[in-house]
Amino acid sequence: MTAGGRQAFQDCAIESYSKTPSPALTCPAMNEARFPWTRLRRNRRTDWSRRLIAEQRLSANDFIWPMFIIEGENRRMVVDAMPGVERLTIDLAVGAAEQAARLGIPAVALFPYTDQSLRDATGGEALNPKNLVCRAVAAIKKAVPEIGVMCDVALDPYTSHGHDGLMRNGEIVNDETIDVLVKQALVQADAGCDIVAPSDMMDGRIGAVRQALESNGLTHIQIMAYSAKYASGFYGPFRQAVGSGGMLKGDKRSYQMDPANGDEALREAELDVAEGADMIMVKPGLPYLDVLWRIRDKLKVPTFAYQVSGEYAMIMAACANGWLDADTVILESLVAFKRAGASGILTYFALDMAKRLRTQL
Ligand code: PBG
């Protein structure tokens, strides 16, 4: 096009657009030229250009890897509803944690499968300093001191009724549960756990745990609060993996959040930060990206998403059927968390993704 021709084209385009006062054609707030001077597809045309303009980049640094632990030696046990996920004995878990550290994964989260004979109404095994998870923490920290180790603070792997707290007359009692959770957190911290993560959704537990850590000289222990933990159907495969599903009496709606509520999640997160949480978590993940975004945007604290067992199962089931492409959707689901403001993601895909991302560098 000649210079004169281009001018005429521009005049004509401006003329026709100015006759069409559609807000879609102007971006005054962004101070952006209009079509055709702005063509967003230009930046998207080539692979090198897409890589240059990418707003998010996933790396192994973004992951916390949840692992299931069983008693015994040199033994692995599949989780039916989570193809690709295995429960490991402590010796194998140590090897897996070494591998995770080598791949650059910053932390693992440990979940014990407690023998049914050790479960009772009050979850007493949670306070045994030699319980399965404490031994796993100690073994991993000894062999792989450079990896962060996180533990759930909640009673559900230890109670005969499968609830996260103490039960009286069919109710989960708040304040007495806190007393036990505080002791559980101290036992885990003594075992060498770096991050205690109360996942029980009792009111006031973060402040109580922080207070106890401070007064016991455990001032460096981090707290990741499961602040916005919803009463979700997506935890089913996890409960199978830790053996608490079959025994669960009723549901957890009197303490976990109603999926309908977003404002309430902000109140939960604000309280937890005020009570001394270092990090906040939203759970489940993809169905609650709006909650993640709101918390991160408002509170500006490190905020994590937990892509839970049911989300993992959905993706794996569809991929196993050939209905979805695993490589595409796993990456897409994880980058979505980053776009929504996640500092990091608890995901059962962590190890595989870390391997894949390394070969892509
Ligand atoms: C227990 C706990 C649960 C999960 C993490 N910690 C289950 C529950 O609250 O019933 C779920 C994780 C997952 O589904 O992957 N307090």
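Every value quoted in this text rests on a predicted model; they were computed, and no experiment measured them. Both counts, for ligands and for their atoms, begin at 1 and track the order of listing.
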*Flag this pair as yes if the NZ/CZ of R87 is under 6.0 angstrom from the six-membered ring centre of F238 and inside a 45 degree cone about the axis; otherwise no.*
no
_When you measure from the centre of the six-membered ring of F304, is the NZ or CZ of K283 closer than 6.0 Å and no more than 45° off the axis?_
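Pair K283/F304 does not count as cation-pi.
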Give the numbers and elements of all ligand 1 atoms closer than 4.0 Å to a heavy atom of [X].
X    : value
Y306 : 12 (C), 15 (O)
K252 : 8 (C), 9 (O), 10 (O)
R239 : 8 (C), 10 (O)

*If you measure from each non-hydrogen atom of V308 to ligand 1, which part falls under 4.0 Å: side chain, backbone, both or neither?*
both
_Please classify the Y312 to ligand 1 contact at 4.0 Å (heavy-atom distances, strictly less than): side chain, backbone, both or neither._
neither
Distance from [atom] to nearest protein heavy atom, with residue and atom:
atom                    : answer
atom 1 (C) of ligand 1  : D156 OD2, 2.9 Å
atom 14 (O) of ligand 1 : S309 OG, 2.7 Å
atom 12 (C) of ligand 1 : F238 CD1, 3.3 Å
atom 6 (N) of ligand 1  : D152 OD2, 2.8 Å

*Out of curiosity, is E311 lining ligand 1, as in a heavy atom under 4.0 Å away?*
no
*If you take all heavy atoms of V180 and L155, which pair is closest and at what distance?*
CG1-CD2, 3.9 Å
*So with a 6.0 Å cut-off around CZ of R45, is the heavy-atom count from everything else above 12?*
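Open: at most 12 neighbouring heavy atoms sit under 6.0 Å from CZ of R45.
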*Heavy atoms of other groups near E55 CD, more than 12 under 6.0 Å*: no
*Could you pull out all residues at least two apart from K298 that satisfy salt bridge (Lys or Arg N to Asp or Glu O under 4.0 Å)?*
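For K298, the residues satisfying salt bridge (Lys or Arg N to Asp or Glu O under 4.0 Å) (neighbours in sequence not counted) are E270.
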_Suppose we screen for salt bridge (Lys or Arg N to Asp or Glu O under 4.0 Å). Which residues come up paired with D80, at least two apart in sequence or across chains?_
none
*Nearest candidate to atom 9 (O) of ligand 1, where distance is taken over non-hydrogen atoms, out of K229, K283, Q240, M82*: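 It is K229 that holds the nearest heavy atom.
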